[in-house]
Amino acid sequence: YWVTDFNNTSIADRRYASTWDHWTEPWSLENRNGAWPRLGSSTSRSDMAYYLYDLSYLRLKNVQIGYRVPQKLLSALHISNVRLYVSGENLFTLTNYPGLDPEKPRSGRDLYPINRSYSVGVNVGL
């Protein structure tokens, strides 16, 4: 279930209608094709299907590619080894989930996206 501060229509949870469509397009007996669940004092079971999403995803979380310089090139410099590398974290996520991160429990308030980072480095052994 994807219930956040921005799509929850439960007044009991101190939430509010955050867009004009919350007020003009809620489900009701007169408007059975409404785009939003009905505004009310609590979220009813009939409205819960609105918040139900497929959370399947494919994520490339971290990758590191490295190259060790051959010993023959380093022997004249009196260096035992040199390794060059490039790494990345949280490179991409493929999903139809509308939130920021499908791994967050109960939407985790969905306020901050996950950080993507890249690193380039050199390891030298003397």
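Note that the structure is predicted; figures quoted are calculated from it, not measured.
Under the rule for a side chain to side chain donor-acceptor pair (under 3.5 Å), Asn96 has no partner lying at least two apart in sequence or in another chain. Checked against side-chain contact (heavy atoms from CB on, under 4.5 Å), Glu89 has the following partners two or more places apart in sequence or in another chain: Asn62, Ser117.
Sorted by first and then second residue, the pairs that involve residues 58-67 and meet salt bridge (Lys or Arg N to Asp or Glu O under 4.0 Å), not counting sequence neighbours, are Arg59-Asp101, Arg59-Glu103, Lys61-Glu103.
Alongside Leu91, the hydrophobic cluster contains Leu58, Leu60, Val63, Ile65, Phe92, Leu94, Tyr118 (criterion: ILVMFWY side chains under 4.5 Å).
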Please list every donor-acceptor pair under 3.5 Å in which a side-chain atom of residues 74-86 meets a protein atom from a residue at least two apart or in another chain.
from	atom 1	to	atom 2	distance (Å)
Ser75	OG	Lys72	O	3.3
Ser80	OG	Gly125	O	2.8
Asn81	OD1	Gly125	N	3.2
Arg83	NH2	Gln64	OE1	3.0

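When every heavy atom of Tyr97 is checked against every heavy atom of Leu100, the shortest pair comes out as CE2-N, 4.1 Å.
No continuous path of hydrophobic side-chain contacts links Tyr57 to Ile114 [ILVMFWY only; heavy atoms under 4.5 Å]. Tyr67 and Val120 are members of different hydrophobic clusters when ILVMFWY side chains are connected at heavy-atom separations under 4.5 Å.
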